[in-house]
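Working notes, structure below.
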Amino acid sequence: GMMLPAFEKQLFGLKAGDKFDFVLKCEEAYGEPSDEAVQELPREIFVDSEGKLDALVVEGATLPLHTPDGQIIRGSVLEIKDEVVVFDFNHPLAGEDLHFIGAIKEVHDATPEEIEQFFGGHDGGCGCGCDHDHEGHEEGGCGGGCGCH
């Protein structure tokens, strides 16, 4: 229940030594990119007390941002304009078919230590390896360690 459902379905029932090679179409993975996920945010929220734009806000950067309700989401800076910063909140793999090739090394119930490591020491995490809760994220998680601050 921590990975893409279609990914887990492909691995279900495999045993140690079994090999796999499958493709998840983008609809089974992170979906098609959505125009609604591209948002303009006021530039003023990214400036310091001296009115300078935060050095991390550069085109191409992917940054953790807080929603009004405190959720942390990642967005990629598409463009910096005079009044707004344009972010893309689509998953980085949206629109991509994903090809997985591998073999099952071992099958066992997760140990408490593995669970602790997977959740980064926090209850309710999304399993992305970051240190916060992703409740409300789209199915499939946040897409990687967030490096949030």
Side-chain angles (χ1 to χ4, degrees), residues 1-12 20-102 104-106 108-149:
M2 296 305 214
M3 305 298 286
L4 292 167
F7 177 84
E8 289 188 359
K9 184 177 178 182
Q10 290 287 334
L11 297 183
F12 186 77
F20 57 87
D21 182 347
F22 60 89
V23 173
L24 298 183
K25 295 293 187 184
C26 74
E27 299 82 19
E28 301 172 289
Y30 297 103
E32 293 288 346
S34 166
D35 290 339
E36 292 80 36
V38 176
Q39 306 265 328
E40 292 184 347
L41 301 178
R43 183 184 172 116
E44 64 195 37
I45 65 177
F46 301 103
V47 297
D48 62 19
S49 60
E50 298 174 8
K52 293 182 182 176
L53 190 63
D54 186 309
L56 296 176
V57 181
V58 295
E59 290 183 14
T62 299
L63 306 172
L65 301 172
H66 294 267
T67 64
D69 65 353
Q71 178 183 355
I72 297 175
I73 58 173
R74 294 177 64 78
S76 297
V77 179
L78 293 181
E79 186 177 359
I80 300 170
K81 298 181 179 182
D82 290 337
E83 300 294 322
V84 298
V85 179
V86 182
F87 276 87
D88 182 353
F89 292 102
N90 282 295
H91 189 282
L93 294 175
E96 300 288 332
D97 294 340
L98 306 180
H99 187 187
F100 296 94
I101 302 171
I104 305 298
K105 181 177 175 183
E106 179 182 353
H108 66 265
D109 290 334
T111 66
E113 292 80 19
E114 289 168 330
I115 293 169
E116 173 79 13
Q117 182 180 12
F118 191 78
F119 284 114
H122 296 273
D123 293 330
C126 72
C128 71
C130 60
D131 61 355
H132 53 76
D133 185 6
H134 285 285
E135 186 176 318
H137 258 352
E138 293 180 294
E139 194 168 89
C142 72
C146 294
C148 299
H149 50 123

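Basis for what follows: all heavy atoms, side chains included, without hydrogens, waters or symmetry-related copies.
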Checklist entry - Stepwise, does the side-chain contact (heavy atoms from CB on, under 4.5 Å) test hold for V77 with V58? => result CA-CA 7 Å; V77 179; V58 295; over 6 Å; no

Next on the checklist: side-chain contact (heavy atoms from CB on, under 4.5 Å) for D21 and H99? Distances and angles first, verdict last.
Outcome noted: CA-CA 7 Å; D21 182 347; H99 187 187; 2.6 Å; yes

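At least one side-chain heavy atom of E40 sits less than 4.5 Å from a side-chain heavy atom of K81. Using a 4.5 Å heavy-atom threshold, the side chains of T67 and I73 count as touching. A 4.5 Å side-chain heavy-atom check between L65 and I72 finds every atom pair outside the cut-off. Here the side chains of E59 and E79 are in contact, with some heavy-atom distance below 4.5 Å.
Atom CG in L41 sits 13.5 Å away from atom CD in E83 (nearest 0.5 Å). Put simply, OG1 on T62 and CG on D88 are 9.0 Å apart, with the number rounded to the nearest 0.5 Å.
Within a 6.0 Å sphere centred on CD of E27, other residues, nucleotides and ligands contribute more than 12 heavy atoms. Enclosure of atom CG in D69 by more than 12 non-hydrogen atoms of other residues, nucleotides or ligands within 6.0 angstrom is indicated.
Checking H108 against E114 by side-chain atom types alone, a donor-acceptor pair falls below 3.5 Å.
Side-chain atoms of N90 do not come within 3.5 Å of backbone N or O of A94 as any donor-acceptor pair.
Closest heavy-atom contact between D97 and C26: OD1-N, 2.8 Å. Contact detail for L53 and V57: the closest heavy-atom pair is CD2-O, 3.8 Å. Contact between E28 and V23 at its shortest, heavy atoms only, is OE1-O, 4.0 Å. Across all non-hydrogen atoms, the minimal contact from D48 to E50 is OD1-N, 2.9 Å. The minimum heavy-atom distance linking R43 with D82 is given by the pair CD-O, 3.2 Å.
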Donor-acceptor pairs under 3.5 angstrom involving side-chain atoms of residues 4-12: please list them, not counting sequence neighbours.
| unit_1 | atom_1 | unit_2 | atom_2 | d |
| --- | --- | --- | --- | --- |
| E8 | OE1 | G1 | N | 2.9 |
| E8 | OE2 | G1 | N | 2.9 |
| E8 | OE2 | M2 | N | 2.9 |
| E8 | OE2 | M3 | N | 2.9 |

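Taking the six-membered ring where the residue is Trp, F89 and F87 present parallel rings, their angle staying beneath 30° rather than reaching 60°.
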